[in-house]
*Asks:* 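Got a structure for you, questions after.
In the text below, chain A, chain B and the rest are named by the order of the sequence lines, each starting its count at 1. Hydrogens, waters and symmetry mates are skipped; everything else that's a heavy atom, side chains included, is used. Small disclaimer: the values here were computed from a predicted structure and weren't measured.
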Number of protein chains: 2
Amino acid sequence: MFDKILRYVESVEKEAIPQLSVNCVILGFHEKALHVVVNRISLDSVHLMVLPGGYVYQKEDLVVAMERIVKESTGLEKILFKQFAVFGKASRSFNREFTKSRVFKSKADKGVLDWFSKRFVSVCYLALVDYSKIELRPTQFMDGAQWLPVNKLKELAMDHSDIVKSACESLRKEMPYTPIASNLLPSKFTLPELQALVESILGRQIDRPNFRRKILKTGMITKIGSDTSNKRRPADLYAFKHGRKTSLIEEYRFGF
Amino acid sequence: MFDKILRYVESVEKEAIPQLSVNCVILGFHEKALHVVVNRISLDSVHLMVLPGGYVYQKEDLVVAMERIVKESTGLEKILFKQFAVFGKASRSFNREFTKSRVFKSKADKGVLDWFSKRFVSVCYLALVDYSKIELRPTQFMDGAQWLPVNKLKELAMDHSDIVKSACESLRKEMPYTPIASNLLPSKFTLPELQALVESILGRQIDRPNFRRKILKTGMITKIGSDTSNKRRPADLYAFKHGRKTSLIEEYRFGF
DNA sequence: TAAAATTTGAGTCATTTTGACTCAAAACTA
DNA sequence: TAGTTTTGAGTCAAAATGACTCAAATTTTA
């Protein structure tokens with residue numbers, strides 16, 4: 001069991017930059033809450049919750065590695081992303097996860113222990129995707145990715161919980177400058193939906209009439225029809241004027 | 001000549017994370033312009049202009065490596081810094097600098113060529129320092145660091161010019177949220193001095209009376225006396241209320 | 001030595017933006 | 001049909017903004 005993984009890891013390592021990894025905080029918006037894609041690694045009865053990530057191949061651009069990793073987990077290409085942090089403490093390895101587990105203790109051979117003790121520097125990206133367009137894919141040695149709401153996030157392995165926190169911080173900071181939301185919503189949406197998204201990113205409530213006034217004045221969205229609705233009074237439908245973005249460009253300024 | 005360098009590099013490499021480097025964009029403010037610290041590597045008659053940088057040792061935190069590099073070039077500790085980008089294209093090496101130079105072509109042995117062809121992923125930090133407190137130090141194999149104004153920057157080696165540009169972009173974005181300036185100015189300064197700094201970061205002029213009004217309303221600075229002056233009407237002296245910062249915390253909000 | 005020029009500090013004012021509201025319309029509920 | 005919920009539209013006082021003018025303090029120059 002461990003042998004198989006170890007052989008796989010070692011074969012990948014040969015073509016990759018050693019001790020360097022990419023981790024992706026893939027964020028989507030669902031039921032009025034930000035969600036993040038988390039993978040579960042199962043080794044016998046031990047389960048590690050980790051962010052999607054991996055090595056960077058020698059002949060692969062860093063960004064291409066990131067896009068490959070996002071595609072592996074979500075199937076999506078041409079996503080909006082941002083490099084927001086690098087985690088690189090000297091003590092940064094899976095060693096703690098390894099040694100605190102009895103299963104690892106008993107069954108592990110030296111090779112696995114070595115790999116789990118290896119120091120990694122991780123370049124972290126956040127990726128914003130349309131929740132409704134995703135079909136999560138199990139990847140090799142991962143028994144299924146899943147969406148978890150970021151605010152009620154369980155403990156992830158190593159420092160991956162910190163990475164998610166840092167990603168949300170970064171998103172919140174970027175918010176006032178960019179039409180970020182266009183990548184987290186379906187192409188057609190209502191103002192209340194957009195407001196719920198902005199509120200969940202900023203982490204605070206916004207007065208509804210004021211939100212409407214401000215967001216419309218930026219000129220970043222256009223009304224494209226009515227209705228769709230389900231409950232109560234039908235809401236107007238809007239779309240971002242320039243569609244989805246794949247890079248963060250300062251175009252509009254607004255602050256809440 | 002090359003042998004000596006090669007032996008040095010190889011000895012460092014053994015204790016360091018391979019193919020990973022840290023580069024620092026050390027910024028200071030002088031004569032109404034942002035300046036950046038640049039090192040000159042001389043190998044025979046070939047001169048490379050590069051940003052201060054280096055390896056990360058296996059037992060060294062990433063941030064500690066960055067601080068070590070800044071200290072090597074400027075002598076300063078406890079500086080304000082920010083990780084702002086990672087440069088990691090697959091083609092990223094000094095190979096071009098190597099092959100385009102006749103001196104390298106004729107004299108180089110295989111070891112040097114190999115090192116210069118090695119792909120590096122560089123984690124980039126910007127560091128904000130008080131220009132007046134710096135004494136630039138020559139480091140090993142570097143014949144002297146120097147301050148260069150960022151807007152009339154000559155071509156640096158590899159992609160280091162792009163790194164500087166990216167750093168300035170990042171600084172401009174951070175500006176409205178943080179008392180950044182406190183680390184780029186002497187502890188006592190006049191409002192016109194502060195304004196010149198802010199203008200050089202934002203890259204545009206600001207109305208003087210309006211600047212005064214806004215900056216005072218944030219409450220981040222206090223008047224601590226008069227005069228010092230040199231020319232014309234003496235200006236009031238100010239200091240940042242909470243001194244210098246070593247981390248970027250959102251405390252004040254203002255936008256120009 | 002007085003007038004001019006330069007730099008800094010202080011103030012005005014119309015316009016815009018903001019934040020906290022109310023109110024009505026359109027649907028569903030019961 | 002009355003009540004509830006959700007969305008869209010509007011009001012209004014206070015604050016912020018941008019474009020100004022003007023006076024004070026100093027040096028320059030004539």
*Asks:* Does Arg208(B) or Arg213(A) map to a spot on DNA chain D nearer the 5' end, using the closest nucleotide for each?
*Replies:*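 First, find each residue's nearest nucleotide; the 5'-ward one identifies Arg213(A).
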
*Asks:* Mind calculating the distance between CD (Gln205(B)) and P (dC20(D)) to the nearest angstrom?
*Replies:*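 Checked: the CD to P distance equals 15 Å.
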
*Asks:* To the nearest Å, give me how far apart CG (Asp236(A)) and P (dA25(C)) are.
*Replies:*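 For the pair Asp236(A) CG and dA25(C) P, the rounded distance is 16 Å.
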
*Asks:* Closest-nucleotide mapping onto DNA chain D: is Lys217(B) or Pro209(B) further toward the 5' terminus? I mean the 5' end.
*Replies:*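 Nearer the 5' end of the strand: Lys217(B).
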
*Asks:* Give a yes or no on whether the ring-centroid distance for Phe120(B) and Phe87(B) is below 6.0 angstrom.
*Replies:*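 Ring centroids of Phe120(B) and Phe87(B) are no less than 6.0 Å from each other.
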
*Asks:* Find the distance Leu237(B):CG to dT8(C):C1' and express it as a whole number of Å.
*Replies:*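 From Leu237(B) CG to dT8(C) C1': 13 Å.
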
*Asks:* Using heavy-atom distances to pick each residue's nearest nucleotide on DNA chain C, tell me which of Glu193(B) and Asp207(B) is more 5'.
*Replies:*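 The residue mapped nearer the 5' terminus is Glu193(B).
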
*Asks:* Calculate the interatomic distance between Gln195(A) atom CD and dG19(C) atom P; express it in whole Å.
*Replies:*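 Going from Gln195(A) (CD) to dG19(C) (P), I get 13 Å.
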
*Asks:* Just call it for Pro192(B): base, sugar-phosphate, or nothing, with non-hydrogen atoms closer than 4.0 Å on any strand.
*Replies:*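 Counting heavy atoms under 4.0 Å across all strands, the contact made by Pro192(B) is with sugar-phosphate only.
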
*Asks:* Hey, are the side chains of Arg208(A) and Gln195(A) touching, using non-hydrogen atoms and a 4.5 Å cut-off?
*Replies:*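 Heavy-atom side-chain distance check passes, below 4.5 Å.
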
*Asks:* May I have the distance from Ile221(A) (atom CD1) to dG8(D) (atom P), rounded to whole angstrom?
*Replies:*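 Interatomic distance, CD1 of Ile221(A) to P of dG8(D): 10 Å.
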
*Asks:* Can you tell me how far P of dT8(C) sits from OH of Tyr238(B), to the nearest Å?
*Replies:*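 The answer, rounded to whole Å, is 12 Å.
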
*Asks:* Check whether any side-chain heavy atom of Ile221(A) sits under 4.5 Å from a side-chain heavy atom of Leu191(A), and report yes or no.
*Replies:*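 Yes, side chains in contact.
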
*Asks:* Under the 3.5 Å rule, do the base of dT7(D) and the side chain of Arg232(A) count as making a donor-acceptor pair?
*Replies:*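 There is none.
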
*Asks:* Rounded to whole Å, please give me the gap between CG in Asn210(A) and P in dA9(D).
*Replies:*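 Nearest whole value for this atom pair: 15 Å.
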
*Asks:* Quick one: pull up CG in Leu148(B) and CG in Leu34(B) and give me the separation to the nearest 0.5 Å.
*Replies:*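 Here the rounded value is 13.0 Å.
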
*Asks:* Does the side chain of Tyr238(A) come within less than 4.5 Å of Leu194(A)'s, by heavy atoms?
*Replies:*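 Not touching, per the 4.5 Å side-chain cut-off.
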
*Asks:* Could one point to a donor on the side chain of Arg233(A) or the base of dA25(C) with an acceptor on the other under 3.5 Å away?
*Replies:*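 Pair found.
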
*Asks:* Between dA20(C) atom C1' and Phe211(A) atom CZ, what is the distance in whole Å?
*Replies:*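 For the pair Phe211(A) CZ and dA20(C) C1', the rounded distance is 17 Å.
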
